[in-house]
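Working notes, beginning with the structure itself.
Throughout, residue positions are numbered sequentially from 1 according to the sequence presented. Both counts, for ligands and for their atoms, begin at 1 and track the order of listing.
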Amino acid sequence: MTSSSVGEVSLADLPIRADLRGRSPYGAPQIDVPVRLNTNENPYPPPPGLVEDLAEAVRRDAAGLNRYPDRDALALRADLAAYLGHGLDSARVWAANGSNEVLQQILQAFGGPGRTALGFEPSYSMHPIITTGCSTEWISGAREDDFGLDPGKAIAAIEEHRPDLVFLTSPNNPTGTALPPATIAAVVEAAPGMVVVDEAYFEFARSGTPSALTLLPEHPRLIVTRTMSKAFAMAGTRLGYLAAHPAVIEALLLVRLPYHLSTLTQAAARVALAHREALLGTVDELRAERDRTVAWLRGKGLKAADSDANFVLFGEFPQRRAVWEGLLARGVLIREVGPPEWLRVSIGTGDEMAAFRAALEAVL
Ligand SMILES: *Cc1c(COP(=O)(O)O)cnc(C)c1O
């Protein structure tokens with residue numbers, strides 16, 4: 001049936017849930033340009049040895065694809081626990097198709113109609129999108145002018161709203177700001193419900209920055225999420241994970257779809273973990289490039305936020321759209337995100353950052 005045979009039907013004509021009406025989907029543009037610095041991917045492709053081992057693993061597992069995968073992904077979860085350390089084991093680790101799916105499962109289990117989730121913005125745009133997608137009310141708290149979080153104000157917001165979930169992103173996206181563990185601990189102690197610390201960029205934090213994983217033993221309502229999409233250079237694999245008390249994992253088993261992680265995804269993630277030294281070997285280079293980028297932007301008289309991630313938020317541009325478009329016209333795609341006059345650039349290779357600097361100088 002073609003669309004003309006049923007007339008022009010738009011989304012507004014469908015009996016969609018009232019709370020989804022008028023909303024926009026997540027939409028980082030996927031534009032094919034020479035220099036893509038817009039979604040915080042690792043610019044270095046997986047090394048040839050990993051590609052070889054992955055091809056071998058796929059060949060091995062392909063012969064068994066008539067069967068469902070290991071529903072509980074136990075071998076992968078054990079590998080992830082070993083990577084995280086902190087005395088974790090497979091009972092304390094959970095995995096899904098990207099940390100976005102992990103977050104959705106958390107909302108499915110701990111959010112829902114009549115419940116609320118609080119986050120401190122600017123932060124990751126998917127937190128409110130996943131929250132409202134799970135019929136949970138989003139409450140927008142605020143970060144400070146330097147994009148940090150004032151523990152006293154955070155606790156006041158928690159006491160005012162009594163949210164069922166609190167999101168903390170550290171290092172934060174799109175600002176790059178890492179939170180001190182004392183702030184995270186204060187929030188966990190004040191929160192009446194679950195606290196999710198999104199550590200998608202943890203591996204890029206400046207050395208000495210402690211992970212919220214250190215707080216897990218004393219806090220059964222704390223969840224720390226991670227991903228293989230950023231430092232691990234595996235965004236295409238779609239593998240995210242979390243660490244939490246075993247009872248939290250039991251809750252997630254109630255909402256996960258059976259066999260949600262395909263045999264091939266599990267195999268790819270395990271191969272990547274086996275090659276972690278090579279994959280994470282690019283992190284130091286990206287951190288150094290990030291610090292150079294911050295210094296260069298400030299040298300140009302611009303503002304650049306301190307960053308513990310693989311991107312830099314910079315500004316301020318009264319016409320930020322024009323700057324974004326000017327860069328795009330020169331083959332450099334960055335992200336129009338964050339506070340109104342700021343832009344975010346992901347850290348690429350040395351050559352890509354040189355192209356970014358040249359394009360920005362031309363635009364300015
Ligand atoms: C990129 C990102 C994620 C990762 O999502 P995946 O689904 O694992 O690719 C999660 N949280 C934040 C804050 C991010 O920026």
Quick note on ligand 1: atoms under 4.0 Å from a heavy atom of S229 include exactly 6 (P), 8 (O), 9 (O)
Which of W296, W342, W324, F356 passes ring pair (Phe, Tyr, Trp, His ring centres under 6.0 Å) with F314? Answer is F356
Under 4.0 Å from one or more heavy atoms of T169, ligand 1 contributes atoms 13 (C)
Looking only at non-hydrogen atoms, the one of N173, T227, N100, T39 nearest atom 8 (O) of ligand 1 is T227
- Task: Examine ligand 1 and decide if any of its atoms is less than 4.0 Å from a heavy atom belonging to D198.
- Result: yes
Going by the 4.0 angstrom heavy-atom rule, the piece of M126 near ligand 1 is neither
Notebook entry, point to check: Between R320 (side chain) and V337 (backbone), is there a donor-acceptor pair under 3.5 Å?
Noted result: yes
Note: ligand 1 atoms sitting under 4.0 Å from heavy atoms of A200 are 2 (C), 3 (C), 10 (C), 11 (N), 12 (C), 14 (C)
Check: Should the pair R270-D53 be classified as a salt bridge under the 4.0 Å nitrogen-to-oxygen rule?
Finding: no
among protein heavy atoms, the one nearest atom 15 (O) of ligand 1 is Y201 OH, 2.6 Å
the protein heavy atom lying closest to atom 4 (C) of ligand 1 turns out to be S99 OG, 3.2 Å
When rounded to the nearest 0.5 Å, the distance separating NZ of K153 from CD of E160 is 13.5 Å
Note: ligand 1 atoms sitting under 4.0 Å from heavy atoms of R238 are 6 (P), 7 (O), 9 (O)
*Can we say R256 and D72 salt-bridge, meaning some charged N sits less than 4.0 Å from an Asp/Glu carboxylate O?*
yes
The atoms of ligand 1 lying under 4.0 Å from a heavy atom of K230, numbered in the order shown, are 1 (C), 2 (C), 3 (C), 4 (C), 14 (C), 15 (O)
In E289, R36, E352, the residue satisfying side chain to side chain contact (heavy atoms under 4.5 Å, CB included) with P43 is E352
*Are any side-chain N or O atoms of E199 and backbone N or O atoms of A212, one a donor and one an acceptor, separated by less than 3.5 Å?*
yes
